[in-house]
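Report on the structure given below.
In this text the structure is predicted, and so the values were computed from the model without any measurement. Here is how names work: the chains are called A, B, and so on, in the same order as the sequence lines, proteins then strands, and each is numbered from 1.
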Amino acid sequence: MQTLILNTSETFRFSSCLWYLHQWCDHECLHRIEVKTLKKAVRLNGNPVYFEISEPIPSQLTVNYVASGSHSATCDVLKEYITALFDLDTDLLPFYQLGEQDDLLEPVIQKLYGLRIVGIPDLFEAVCWAITGQQINLAFAYTLKRRFVETFGDCIEQEGHTYFIFPSSALVAQLSVSDLTALQFSARKAAYIIGIAKAITHQELTKAQLQTLPLEQAKERLVQWKGIGNWTANYVLMKSLQMQDAFPIEDVGLHNALKKLMKLPQKLDLPAIEQWAKPWSGWRAYLTFYLWQTLLDHE
DNA sequence: GTCCAGGATGGGC
DNA sequence: GCCCATCATGGA
């Protein structure tokens, strides 16, 4: 077991991120939380890596990991992965300053202080998850994801627990639609996912390329692929590329959160939401992410 | 039984 | 360009 330390900024709270991860922990098949420690396995540069993240000393994220390969590069790639996972490079101060000027959001932000957009650093995983979740309720989406991961993913054993690794695009590119409809994906989603798997495997769609583009161009690039509409593109840019202004405005969860927060009899329409979110320009991904959390507490 | 879920697409007009 | 049926299942 090797160790990696990541120093975190004043506007980061590991406890808030753990709280977020805990919300869907029962449904999640790609990590486990145990005594304030996040445990997970991923594939980095083709090598399976198991890691545990905790915070024994305030503002020092401690990552213990086991890598199967003997690559010294693992440390750097893992550091990159964790940085994206908790969006560590972003300073939330400007976002919080905007929050102080909004009576509706101010208490929400106070409650969630230090929460980062918990990301899905792997582009293929992020797109698959977004497509899987289209139109269906989240509980069912998690069921589909679990079947997909347990059927086509690799796994590693650690201390008596099995940790699954999200299936590689190369493997999924070889599947047929019926392989996925057998797991109760719709035929359409199955075709979308296999199409994206081929695009990523053939490097026609890469994270590195998207990272060089500004938000609007990255979005245009993404929606060229079947199955990726405006919502999915924004969701992916938000969760996988840490683009702080990505705004999945069509999201029904966002609509419900606003309706609830504003105590409205019915949902706002898209132009109204667009207008309302204008002051948050630059931070609309965080705005969305924080609003989603207001749907989870049953108060 | 009905309606809605963290949407996208292709057809008809 | 807008409107609408379709998808595939589960939970309220």
NA contact type, A/Ile131, heavy-atom cut-off 4.0 Å: base, sugar-phosphate, or nothing? nothing

Check this for me, if you would: do [X] and [Y] make a salt bridge, where the nitrogen-to-carboxylate-oxygen distance has to be below 4.0 angstrom?
| X | Y | answer |
| --- | --- | --- |
| A/Glu274 | A/Arg284 | yes |
| A/Lys40 | A/Glu52 | no |
| A/Glu34 | A/Lys39 | yes |

Check whether any side-chain N or O of A/Thr232 sits under 4.0 Å from OP1 or OP2 of B/dA8, and answer yes or no.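 It does, given that an N or O in the side chain of A/Thr232 lies less than 4.0 Å from OP1 or OP2 of B/dA8.
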
Ignoring backbone atoms, establish whether A/Lys267 has a side-chain N or O less than 4.0 Å from OP1 or OP2 of B/dA5. yes

Is there a Watson-Crick or G-U wobble partner for C/dG11 with both distances under 3.5 Å, and if so, which one is it?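 B/dC3 - that is the nucleotide pairing with C/dG11, both distances being under 3.5 Å.
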
The residue, A/Trp225 or A/Asn256, whose nearest nucleotide of DNA chain B is more 5′ is A/Asn256

Interatomic distance, [X] [atom1] vs [N] [atom2] [rounded to whole Å]:
| X | N | atom1 | atom2 | answer |
| --- | --- | --- | --- | --- |
| A/Lys226 | B/dG7 | NZ | P | 20 Å |
| A/Ile249 | B/dG7 | CD1 | P | 14 Å |
| A/Asp251 | B/dA5 | CG | C1' | 11 Å |
| A/Asn230 | B/dT9 | CG | P | 11 Å |
| A/Lys259 | B/dC4 | NZ | C1' | 13 Å |

Should the side chain of A/Gln135 and the base of B/dA5 be counted as holding a donor-acceptor pair, with the cut-off at 3.5 Å?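 Pair found.
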
Quote, to the nearest angstrom, the C1' distance that separates C/dC2 from B/dA5.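 Their C1' atoms lie roughly 24 Å apart.
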
Could you work out the separation of B/dA8 and C/dG10 based on their P atoms and round it to a whole Å? 23 Å

Taking A/Asn234 for its side chain and A/Pro248 for its backbone only, find out whether a donor-acceptor pair lies under 3.5 Å. no

5'-most by nearest nucleotide on DNA chain C - A/Ala139 or A/Ile136: A/Ile136

How are the rings of A/Phe14 and A/Phe86 set to each other: parallel, tilted or perpendicular (split at 30° and 60°)?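 Aromatic pair A/Phe14/A/Phe86 classed perpendicular.
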
